[in-house]
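Report on one structure; see the data block that follows.
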Amino acid sequence: MMQILERDKDTTATGQGLILADTQAADEETVLASSDWDRYLDHEKWSRLINEPLIDWGKDPSKVADEGIVPPSVELITFALRYAMHMRDQGYRPPDRVVPNGDAGIAFERWEGSIHEVLEFESDGIVELLSYRHSRLENRLELSSDIP
Amino acid sequence: MDGNEEVANEELLYRRIPKTYYGVEGVSTDAFRPRDDDTTGLSFSRAKYKSAKEAAKSAERPENKYYVAKYRAGDLRKAGMTISPRPLPDDPGHCELTDIRVATKKDSRTLDLKGG
């Protein structure tokens, strides 16, 4: 939706005379509404990821187990859940996927174009943000494991 | 051939991936995270010894279904990885990416290779 609006704005900017003013005002209102809508969608997506899989896993961590996958502890799932709620409430973009990291940890993964971000909750309590660009590690950052 | 011959660049290699690690967005880097028993490298299957369907079967969890990621050995080498044949008694086509090991799982180089 945002892309279409951006394109409309461009057309308006290079567009014609009197119509420009009215269309511009209408666009600004629409963009504002769209931004609210995006925030609503992000909030909904966070909530979906919190309910399923995190709450689901918390009820029965063994559901996560698979070949080579050690399930996270209930404590770590609870921690990741609280972290997710904090990020949701702070307006951070939601991940596309929440997966077990295989090593008794949890990973929040997000893709945007050539960028792939992984927020890892390690079983030893370390929280680390890994950023890949074109599949190469570009940045790694250890984050505070304190949730305000 | 007994599986000890060097892996040729044009060979195809398979990696079994739990379903949770694949989605429309792409393959999770954690599909390539070394486990506790990956002490000498990350396991792959050589396509010349095993079909993709066979590679998708897990002896540990035969009831589960898996995806199989396919790579050309030469491409993995171009990405900086070393491939060693490691035939097993019941799996002559077993080989390993020796740069991705449990002992180095948190090294930036290992994390970089996982992404590549």
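Labels below follow one simple rule: chain letters A, B, ... track the order of the sequence lines, proteins then strands, and each chain is numbered from 1. Not measured: the values here are computed from a predicted model.
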Of the backbone (N, CA, C, O) and the side chain (C-beta and beyond), which part of B:D38 lies under 4.5 Å from a heavy atom of chain A, both, or neither?
neither

For the backbone of A:P100 and the side chain of B:Y21, can you confirm whether one donor and one acceptor N or O come within less than 3.5 Å of each other?
yes

Is A:H116 close to chain B through its backbone or its side chain, or both, or neither, when contacts mean heavy atoms under 4.5 Å?
side chain

Under the ring-ring contact (aromatic ring centres under 6.0 Å, His included) rule, collect the residues that match up with B:Y66, sequence neighbours excluded.
none

Interface check, chain A: of B:R33, B:E60, B:R16, most non-hydrogen pairs under 4.5 Å belong to B:R33

Which answer fits A:E138, side chain, backbone, both or neither, if we ask what part of it has an atom under 4.5 Å from a heavy atom of chain B?
neither

So which atom in A:S47 and which in A:R88 form the shortest heavy-atom distance, rounded to 0.1 Å?
OG-NH1, 3.3 Å

With a 4.5 angstrom heavy-atom cut-off, is it the side chain or the backbone of B:K105 that approaches chain A, or both, or neither?
side chain

Among B:K19, B:E25, B:R35, which residue has the highest count of heavy-atom pairs closer than 4.5 Å to chain A?
B:E25

A:E128 side chain reached by A:L143 side chain, heavy atoms, under 4.5 Å:
no

Side chain of A:R140, backbone of A:L129: donor and acceptor closer than 3.5 Å?
no

If I measure from the heavy atoms of chain B, does A:A104 come under 4.5 Å with its side chain, its backbone, both, or neither?
neither

Quick check on A:E109 against chain B: is it the side chain, the backbone, both or neither that has a heavy atom closer than 4.5 Å?
side chain

Looking at the rings of A:F121 and A:Y83, which for Trp means the six-membered one, are their centres under 6.0 Å apart?
yes

